[in-house]
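What follows is a single structure, written as structure tokens, with notes after it.
Not measured: the values here are computed from a predicted model.
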Amino acid sequence: MPEETIIITNYKACDSIEAEIKPKNKLNIKTVSGMGKKGKVTIDVIVNYCKGCEICVYFCPEKVLAMKKEIAEVIDISKCTKCNICEILCPDFAITVEE
Amino acid sequence: MPEETIIITNYKACDSIEAEIKPKNKLNIKTVSGMGKKGKVTIDVIVNYCKGCEICVYFCPEKVLAMKKEIAEVIDISKCTKCNICEILCPDFAITVEE
Amino acid sequence: MIKTKFDYNKYLRQNTLPHIWCPGCGDGIILKSLIRAIDKLQIKKDDIVIASGIGCASRLPGYVDFNTIHTTHGRALTFAIGIKMFKPRLKVITISGDGDALAIGGNHFIHAARRNIDITLIVFNNYTYGMTGGQYSPTQPIGSYATTTPYGNIEPPFDVCDLAKAAGATWVARSTSYHALQLDKLIEAAITHQGFSVLDVITNCHISYGRRNKMKSPVEMITYQKEKGIPVRSAENLKPEELTGRFKTGLIYQKNDAPEFCAEYQKKLELLKTK
Amino acid sequence: MIKTKFDYNKYLRQNTLPHIWCPGCGDGIILKSLIRAIDKLQIKKDDIVIASGIGCASRLPGYVDFNTIHTTHGRALTFAIGIKMFKPRLKVITISGDGDALAIGGNHFIHAARRNIDITLIVFNNYTYGMTGGQYSPTQPIGSYATTTPYGNIEPPFDVCDLAKAAGATWVARSTSYHALQLDKLIEAAITHQGFSVLDVITNCHISYGRRNKMKSPVEMITYQKEKGIPVRSAENLKPEELTGRFKTGLIYQKNDAPEFCAEYQKKLELLKTK
Amino acid sequence: MSGKTEIRFAGSGGQGLILAGIILADAAAIYDNKNAVQTQSYGPEARGGSSKSEVVISDAPIEYPKATKIDYMVVLTQESFSKYIFDLRDNGVVIADKELITDFSNAKGKLYMLDMVKSAREELGKLLGLNIIALGALVEISNVVSKETILKALLKRVPKGFEDYNKKALEIGFRLAKEVKNN
Amino acid sequence: MSGKTEIRFAGSGGQGLILAGIILADAAAIYDNKNAVQTQSYGPEARGGSSKSEVVISDAPIEYPKATKIDYMVVLTQESFSKYIFDLRDNGVVIADKELITDFSNAKGKLYMLDMVKSAREELGKLLGLNIIALGALVEISNVVSKETILKALLKRVPKGFEDYNKKALEIGFRLAKEVKNN
Amino acid sequence: MANNIKLMQGNEAIAEGAVIAGCNFFAGYPITPSSEISEYLSVKLPKTGGVFLQMEDEIAALGAVLGASLGGAKAITATSGPGMSLKQEHIGYASMCEIPCVIVNVMRGGPSTGLPTLPSQSDVMQVKWGVHGDHAIIAITPSSVNESLYETVRAFNLSIKYRTPVIILTDEIIGHMREKVIIMEKDSIEILEIKLPSVPPEEYKPYNYLSGKVTPLAPMGEGYRYHVTGLIHGDTGFPSQKTEVIQNAQNWLIDKIYKNVADIEKFEEFQTGDAELLLVAYGSTSRSSRQAVMMARAAGIKAGLFRPITIWPFPEKQIKNLAKRAKIILVPEMNMGQIIFEVQRCACNSAVHGLNIVNGEPITPDQIYDKIKEITK
Amino acid sequence: MANNIKLMQGNEAIAEGAVIAGCNFFAGYPITPSSEISEYLSVKLPKTGGVFLQMEDEIAALGAVLGASLGGAKAITATSGPGMSLKQEHIGYASMCEIPCVIVNVMRGGPSTGLPTLPSQSDVMQVKWGVHGDHAIIAITPSSVNESLYETVRAFNLSIKYRTPVIILTDEIIGHMREKVIIMEKDSIEILEIKLPSVPPEEYKPYNYLSGKVTPLAPMGEGYRYHVTGLIHGDTGFPSQKTEVIQNAQNWLIDKIYKNVADIEKFEEFQTGDAELLLVAYGSTSRSSRQAVMMARAAGIKAGLFRPITIWPFPEKQIKNLAKRAKIILVPEMNMGQIIFEVQRCACNSAVHGLNIVNGEPITPDQIYDKIKEITK
Ligand SMILES: Cc1ncc(C[n+]2csc(CCOP(=O)(O)OP(=O)(O)O)c2C)c(N)n1
Ligand SMILES: Cc1ncc(C[n+]2csc(CCOP(=O)(O)OP(=O)(O)O)c2C)c(N)n1
Ligand code: SF4
Ligand code: SF4
Ligand code: SF4
Ligand code: SF4
Ligand code: SF4
Ligand code: SF4
Ligand SMILES: [Mg+2]
Ligand SMILES: [Mg+2]
């Protein structure tokens, strides 16, 4: 703070300083279904919840996911083992894995 | 203390709620000297410091002391071993033991 | 470990989402774990009280559909004790940041532990004052940086678990936001335990802590948790020097026969009745 | 063990005597021990700061001819830390009652311990709030009586020494007003120790505690200390059940190599100078 | 006697003088249905320090609750005698213990010296009850409440098993006072 | 231009817009010796939340420190565009990123769409510096301070080793703005 | 000798008043001269199944009281000067979140540790202004033991009705003196009970700024799940930073008290009808003042006494009215001048004098009478 | 481009002002919107051998500051609403024991957690009355960044001169805005140093109520051994319950400030010479008010602004004077009405209006001007 230096982090902080009840947003969900390594699987990403933290992408053991324009996206569902790690570690209720 | 019951303890609490510097009281010291079990000994009781707690009397291993009108008093200096317990345990700087 | 889809919605105040936490903040991961644990226990929503202090972590209660109290900084446990003593049938869970629980709230922490009152305290331990922008906290490691330790921290951190135990807590454990499934079980056990239970959860704040300490991203921070956490059992076989910089996870201490405060109070009341 | 007459007068503010404490109050015995210990160490009176909180024990500073601060209830350590950090050459000793140090002052207690700052804290532990007339304190034994536990206390007491150690204190001991000569040595050692030292001194308050708990007189209370105190070494050889109702005396914990807070801070300053 | 009587018990904490004042006020207010206010002074914080217990008894409502011009003062320590004698009415009455008070340098009013401590020691075997003796003496001398009333008020506040002991103490007080009154 | 210019940088926390505002105010106040006030709005408590950084520049002393009628607004998120456009002057200017802002439903004033994010990615290799690009663009378009001045003010606050990087970013801003201005 | 008359101490009367009001929760931290309240309740509450808690400090005590109150308890705490200072943050929280509770402050000499065992009236302004931020408070200053009891009952009622902390601001003299209390039949005492909201949970909003009516606070654990926060919040209880919501919330905290002054205020007038010299006094000082009025009347001075029982909100209207006739006003206080500020504001065309004696002793009728003579000369 | 002009944030300016004043001790606890002060000092103080401490809470922070000050430090702490409430007990201790220190309160929206990041001016009365017991306080409300710096220096001087806590009462707007600061040569700034007493230790009395002069506080550890207590104490510093001592001690705490008002007070007048409409405003609101005065003047309304810089003691005399001409007074405040109480008291024959906007936004010049038009109609 004293001698200001340029500290620019690449995070996208949540803008909603209002925790006031919000108008019920329509959820914008991107669904990808297909056959994974352990059978049929559906992965939902709630686009307007995803904050692009990359946790799911990084911790998915099978590289099923990738970031696209700061939103998580399924890039290869066929490798998914339904291990659920992405869902468990997503801090934002933004990704779910179903049969 | 809802139903007041008679609780009367026999202690004499210190009246000086003033800790304000007091006029320098002349100390009223009662000195008893004599030969104790381990040689010459002098016991001083500062009468206006003694609060009559009886600690010295009780813990003197040789029963050299006793209470008189709520003040400690030497009753038999000949038994004194100069163990110093009375002095150490007196909370009020009121009793001292010297050669 | 395939799981069917878990429905968080039942427990969420959905119109408060997305939550206020930064992208990748570990608090969201813990929130989900808490919901899963409560669901597992099948406690009625009406019977749960969540009290928190002030801080990022302490924003949690706003998102969950229980009886929720966002109190003052450091004082969540005092409110928790009040309501628990008055209505012992309620399950009372307290959420605090490390600053909230252990800096300003340290006294209530040790006294709740001493009383062994049946409340669960989850400490969201991100080594920093997240909400106020990253000042050092009483759990921040020596040598690390914060906005108020520009030359490196020299204050030794508390070991939250040791402190809780010495103060009288009868159930003490540690986990991380990475170890989310372990966390589910520990939260479940903490809530079930009859007495004061303290769960120290190491969580990631890259914004206020990480980026000043060479962990700019949530991923780096969670990787740190993964690498530094070591299960209590495994730790037993390691030499002290192998443990430096690491922390134990899992159940650290449990005592089951200690009298619980509400129960003891109720016993007194019964005794007075018969008199 | 014949001793020559010790002259307390050098250290006393004589025109404040007789002191305010009740007849037989243990606080006076500890005061004398403190004076003897300081005399032994031959520290200049100008270099000693005694800070206390509020309570009977906390009246102590008024009687001794040092730099003395009678602060607010529970906060003595905060003043002590301020002056110690600003003038590390001063020897800072803090006097607190059990309520002062561990009820309202509990947070400062654990944080001073955590920082391991070179201050000596002497807790005058009489199991009660003496000055306010005998409400229960956080060290009062279970089952005992106080003006606010008319049906017997159900709150477990702190073990002051355990708590100090877990919080980070590096020198921890216990004594009693009866064990006055042991106390001399412990106070001396506490002051000498480089780091935060905590000395838990069990002291007798027959007025506010004793007379509600079948110990009406100072003599009965001091006898209790004599009988219940057990040296650490002897305690090692006893079975747990033989120890119930008793407390250990002597040096309980010491760690010499831990960094001391003022010293660490001075090191930082040196580093910055050379930069 | 005017409508208002002011009584002070003064001594050191633990002598039970506060209780004596309470019992007296209780007797006047509840049993005699007068107005009565009892006040006291404390040492630092609330622990047993010096103590002074005052009772104002009046037929009219009592506004200012403390005593200002003492009609009767019972003293049980030298210090309190010297300290509190100043606002005794000129025709006020002091009831003091013979053994405990020895210096009467600034005495005024009418002084009754009673052997209360001695009687307690001899007749009760201990000093417990000294306050009740003093109370009895006060009632006998002042007549501010009747003997029956004070006994009722006393017994209400005595723990079970101690009724006789206290009654005896009260009566010692009556007797000692009567003796000096008749002198 | 009247004596007073009001500029707003709006986007999300972490985009460095507060810093951009500070550099601008610094340039105006210290190097151009005008009056300048920079203010900002925070999210809850102080952690990285939404952010809005305003600079008022004037020849006369500035009393009310916040912007009220925006002359220039630089926006880097959709949300801030929609939220903050309302108090733009009717003839105000908006500088927006082409990629980040897509919905212009309530646009007003004059709108410049710049490929700032794209250029950052392509020419700087990362988004670090986006704020400086935006700052450059603003200076080019508004002329509220000179290019030399802004460069000086920028370099003062850049950590060692990052001078060139930031200078480059600034120049990208100048260039992008010049391109659209000339359109 | 009626069985329903008792000799009680002021502090005991407050505690007994709480019991009569249905208080079932106490949390406190001992401090002279208020400790008798906790001691009394430590005996009484457990007997009726209530909770008595001694907490680790005053902050914790009020925190516990508020937690319990959210659970539906009728909760009280008691303290004195230093403790009152420590409670300020939580008093603000109680105001902001509209949580009923009763807080007793038995005033002793201040500032700081001051004079623990001696009386004063020096926390009167603190009660109104001690909290950071804007809010309104109700405070009551009883002047007798009997009044201590019944005003405590009223304090509970007001706190529930207006969902606000109510402060009983008594002083060491009233707190420690013993006098007669007339214990009335329970039926003849108005006691407000805590009720569930009349709407079903789905419709329940814990706050309702615009309705002008105080929404009842649903006890937690009874099916009404809501959120409580010390952040500025809207009707739902969730935080908001919208300008209108903020302003509404702020207005409401003030208005709900000030628009109901008529219901909240309580005062006593003594010989004010034709008073040209008005005394304004409260608490123990009002007793001496009353006696001084009698002395003045006896000497032919047309004196009168206005005694606020509810000291906050301050009875502005009454003072303004009385000041029309009374061109000399005397405000005796055991402090260096506090309520006199309010009186000056309301009665600025009268000569307003203070009698400020702060020496550890109560102000005597003689002192007041002397002052009366001085200012009427 | 002069080298001695800097763009600074208000909070930074306070911290820099402290450094210039010779501050060598800070202890604090973070809170929005004051944290920059501690962050700045955490960088600066260690560089000059000073102490920077982050304590476990606000109570501890002020405790440490007072401890250090007793050791002879020039010590400061900084906080905001909730922290300020917690500090009240120790502010009282500092007043009572006459320990110099500077306390910064960067006002945010209250009460309770309120609006942590948004501005308000709602702690003005708390600063005067928040402590239990009677005492007097000095408080300063800067209205620019430059003033923030120099008033901080003055705050240190006043605190040493009068041995009293001095409060810098700023608000989120001034605290967070950046504008020009002119850094003067050190020699041209008056800086009071802490000195040893002129008398030898044997003669030193730490208090001296009757002399009318403030005795210097001897730094501990330099040979002057004395006793400090929050109990009422006599000249020697030892507690006393003697009625005269108590009254003297009480009088002194008030008198040492109020009898030196002329030295302590500082204010600014803008176009008040012929003002018939007077604005009274402080801190950030005074900036909007100044602009509104210009707008009003432009419209032919004879408006003027009185801006207290020292807000406590309140500049009664000036207001009374100005009110002789100004029959309409407007007090715009970012609170529900606080300083207006003082103005009403001092100017009771003028029509005193409030403009109280509390919605998280600063009050704008337009809003004030609109109100001016309304009340002058
Ligand atoms: C009494 C008080 N002091 C200080 C603050 C400012 N404050 C808000 S949150 C916080 C600390 C947050 O740290 P932590 O508890 O660890 O929670 P986190 O944000 O890291 O989850 C502080 C100091 C406050 N709100 N109230
Ligand atoms: C803030 C505050 N709360 C409460 C008190 C009242 N008080 C004075 S001393 C004391 C407790 C004394 O107990 P302890 O600290 O054990 O000391 P002791 O008297 O037993 O030596 C209390 C509660 C106070 N002075 N200040
Ligand atoms: S379930 Fe497992 S494998 Fe499938 S996407 Fe998620 S993390 Fe990857
Ligand atoms: S973990 Fe969740 S929020 Fe983060 S990138 Fe993946 S889906 Fe988005
Ligand atoms: S010195 Fe020992 S033997 Fe002699 S009187 Fe004292 S205690 Fe007794
Ligand atoms: S120990 Fe001291 S105070 Fe007690 S009786 Fe003996 S001489 Fe007196
Ligand atoms: S500041 Fe840190 S703790 Fe707070 S929300 Fe952001 S990442 Fe999480
Ligand atoms: S009350 Fe107890 S602790 Fe206090 S002086 Fe008396 S005996 Fe000692
Ligand atoms: Mg944290
Ligand atoms: Mg104690």
> Using non-hydrogen atoms only, which part of Glu361(H) is less than 4.5 Å away from chain G: side chain, backbone, both, or neither?
Replying inline: side chain
Measure distances from [X] to the heavy atoms of chain H and classify the residue's part below 4.5 Å as side chain, backbone, both or neither.
| X | value |
| --- | --- |
| Ile357(G) | both |
| Met125(G) | both |
| Glu342(G) | side chain |
| Asn356(G) | backbone |

Under 3.5 Å side-chain donor-acceptor pair for [X] and [Y]:
| X | Y | answer |
| --- | --- | --- |
| Glu333(G) | Tyr282(G) | yes |
| Glu98(H) | Thr164(H) | no |
| Gln338(G) | Asp134(H) | yes |

>> With a 6.0 Å cut-off on the ring centroids, do Phe238(G) and His227(G) count as close?
In response: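 Centroid separation for Phe238(G) and His227(G): below 6.0 Å.
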>> Would you say the rings of Trp129(G) and Phe341(H) are close, in the sense that their centroids are separated by under 6.0 Å?
In response: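 When the ring centroids of Phe341(H) and Trp129(G) are compared, they turn out to be within the sub-6.0 Å range.
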Heavy-atom pairs under 4.5 Å with chain H - which of [options] has more of them than the others?
| options | result |
| --- | --- |
| Ala94(G), Ser85(G), Pro111(G), Gly133(G) | Pro111(G) |
| Gly81(G), Cys348(G), Gly83(G), Ser95(G) | Gly81(G) |
| Gln126(G), Gln88(G), Gln344(G) | Gln126(G) |

Heavy-atom check, side chain of [X] versus side chain of [Y], under 4.5 Å:
| X | Y | answer |
| --- | --- | --- |
| Thr170(H) | Met107(H) | no |
| Ile368(H) | Lys371(H) | no |
| Val65(G) | Ile99(G) | no |
| Val104(G) | Thr77(G) | no |

In terms of heavy-atom pairs under 4.5 Å with chain G, which of [options] leads?
| options | value |
| --- | --- |
| Cys346(H), Pro82(H), Ser80(H) | Pro82(H) |
| Gly230(H), Gly92(H), Gly130(H) | Gly230(H) |
| Cys97(H), Ser120(H), Gly114(H) | Gly114(H) |
| Thr243(H), Asn251(H), Asp123(H) | Thr243(H) |
| Gly110(H), Ser122(H), Ser112(H) | Ser112(H) |
| Met336(H), Gln247(H), His132(H), Arg345(H) | His132(H) |

